[in-house]
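Each remark here refers to the structure printed beneath this line.
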There are 2 protein chains.
Amino acid sequence: MRADARRNLGKIVEAAAAVMAERGPAAPMDLIARRAGVGVGTLYRRFPDRAALLAAMGEHYVHSLAEALDRAAEREPDAWSALRAFVLWTGDAGRGALAAALAVLPEEATAGPGFMEIRARWLERLAVLVRRAQADGRMRADVTADDVVALLNLFACHPGSLPAHVASRPAWFLGLMLDGMSAGAAPH
Amino acid sequence: MRADARRNLGKIVEAAAAVMAERGPAAPMDLIARRAGVGVGTLYRRFPDRAALLAAMGEHYVHSLAEALDRAAEREPDAWSALRAFVLWTGDAGRGALAAALAVLPEEATAGPGFMEIRARWLERLAVLVRRAQADGRMRADVTADDVVALLNLFACHPGSLPAHVASRPAWFLGLMLDGMSAGAAPH
DNA sequence: CGTAACCGGAATATCATCATCCGCTAAGGA
DNA sequence: TCCTTAGCGGATGATGATATTCCGGTTACG
């Protein structure tokens, strides 16, 4: 594969994530191509249909998400801090990535080859972290890993249509919900 | 105005709220008409364009929202309980109404005659409630009324695209954020 | 019972997006 | 340096969805 082709491929995946984060999974292909600085033809040559593009995006970003979780787990001293750090990381670093990986993708791109495996592994690690934080008495016992994922989803789905007050301080709101999940909060 | 005409008008506003809650403010007029059990013609005769329809919806639902807040303030013994009751009420009773009044409307229907006044009054009452709850030491001091509104917005914007895990138990998630706002939670 | 207001939805106009195709460009090897 | 060919980009026609109009039929109300 020629060098420029490879370069463009990367640009397209990134652009797709960015545009879809703003306009949802049905965003016009035109926009994605333009954002990538590429003609529509190039886009279609590389990805015969939308599903293929979504699959590529999914694989790429779920991977980066899993990496971030592992990084947090290594660096932070305990499970609860790691969970917290990870959730807050999603708030500033990779909103587009999140929207892509969590909210947009599962609909159609679930079939990717490495996608399901890495996603499952990621979910499992998250669940372990949750259980550990609960065992440490730092996290409410009635909160599940799925709840954490749902929380991320809530913030990831269509950042473009998020209330401005939330969009401008995502970390603050994520922190609020984390506080609600912490052991200190009233369990009802 | 003939009796059936008036009846239909009500049905249309309700249908518009329901459909727009699911599909956003750009939902097809067809759908709205069908949901109302009415022909498209009737819809257009009553509301010359989308903006008119949005305005009508806005007035109607902001009103009902203000009523709910006042009701909660009367019934509950203290400010924090009232706030909590109101927020949780939005979770089950009137999601469509919320989506309409908070997320969908401000974009275009802000110009309605009674709209701005009642909205401002509502916001003011909400702010009073927040200040009282904070004075009572039941609510975190760094949370503002705008934050509460943003929270509602977060759940109201496009229920159709909410993660299933959230959509099926809205009250649970709202409760989580309320817990995060309560005085008990760690302020950081 | 008459009439005029009102209804419904078929028909048309409009528009945005998809997806293809082909002449041009330039990457990379000899 | 030059040649070959993978690769590029965007104009183009097809397609499907939505807005909006219009009129024959219906029904509320005096």
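Model, not experiment: these values are computed from the prediction. Below, read A as the first sequence line, B as the second, and so on, with proteins coming before strands; counting in each chain starts at 1.
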Across the strands shown, which category fits [X] at heavy-atom distances under 4.0 angstrom: base, sugar-phosphate, nothing?
{"X": "A:Arg46", "answer": "sugar-phosphate"}
{"X": "A:Arg6", "answer": "nothing"}
{"X": "B:Ala33", "answer": "nothing"}

Considering only NZ, NE, NH1 and NH2 on the basic side and carboxylate oxygens on the acidic side, decide whether [X] and [Y] come within less than 4.0 Å.
{"X": "A:Arg169", "Y": "B:Asp147", "value": "yes"}
{"X": "B:Arg140", "Y": "A:Asp179", "value": "yes"}
{"X": "B:Arg125", "Y": "B:Glu67", "value": "no"}
{"X": "B:Asp136", "Y": "B:Arg138", "value": "no"}
{"X": "B:Arg35", "Y": "B:Glu22", "value": "yes"}

Just the rounded figure in Å: distance from [atom2] of [N] to [atom1] of [X].
{"X": "B:Arg2", "N": "C:dG8", "atom1": "CZ", "atom2": "P", "answer": "11 Å"}
{"X": "B:Asp4", "N": "D:dT26", "atom1": "CG", "atom2": "C1'", "answer": "10 Å"}
{"X": "A:Phe47", "N": "C:dT20", "atom1": "CZ", "atom2": "P", "answer": "15 Å"}
{"X": "B:Leu9", "N": "C:dA5", "atom1": "CG", "atom2": "C1'", "answer": "15 Å"}
{"X": "A:Arg7", "N": "C:dG28", "atom1": "CZ", "atom2": "C1'", "answer": "13 Å"}
{"X": "B:Met20", "N": "D:dT18", "atom1": "CE", "atom2": "P", "answer": "13 Å"}

Would you list the protein and nucleotides 19-22 of chain D atom pairs, both N or O, that sit under 3.5 Å from each other?
from	atom 1	to	atom 2	distance (Å)
D:dA19	OP1	B:Arg50	NH2	2.3
D:dA19	OP2	B:Met29	N	2.9
D:dT20	OP2	B:Tyr44	OH	3.3

Open item on the list: Does a side-chain N or O of A:Arg23 approach OP1 or OP2 of C:dT17 to a distance below 4.0 Å, or not?
Closed with: yes
Task: Under 4.0 angstrom between B:Asn8 side-chain N/O and C:dC6 OP1 or OP2 - done: no
TODO: For the residue pair B:Asp78 and B:Arg84, establish whether any side-chain heavy-atom pair is separated by less than 4.5 Å.
DONE: no
TODO: Compute the angle between the rotation axes at the two ends of the helix from C:dC1-D:dG30 to C:dA30-D:dT1, each taken over five pairs, rounded to 10 degrees.
DONE: 30°
Open item on the list: Treating A:Glu59 as the side-chain partner and A:Ile118 as the backbone partner, does any N or O pair qualify as donor plus acceptor under 3.5 Å?
Closed with: no
Task: Nearest-0.5 Å distance, CZ of residue B:Phe86 to CG of residue B:Leu174 - done: 11.0 Å
- [ ] Report the residues that fulfil side-chain contact (heavy atoms from CB on, under 4.5 Å) with A:Ala36, sequence neighbours left out, ordered by chain and then residue number.
- [x] A:Lys11, A:Ile12, A:Ala15, A:Val38
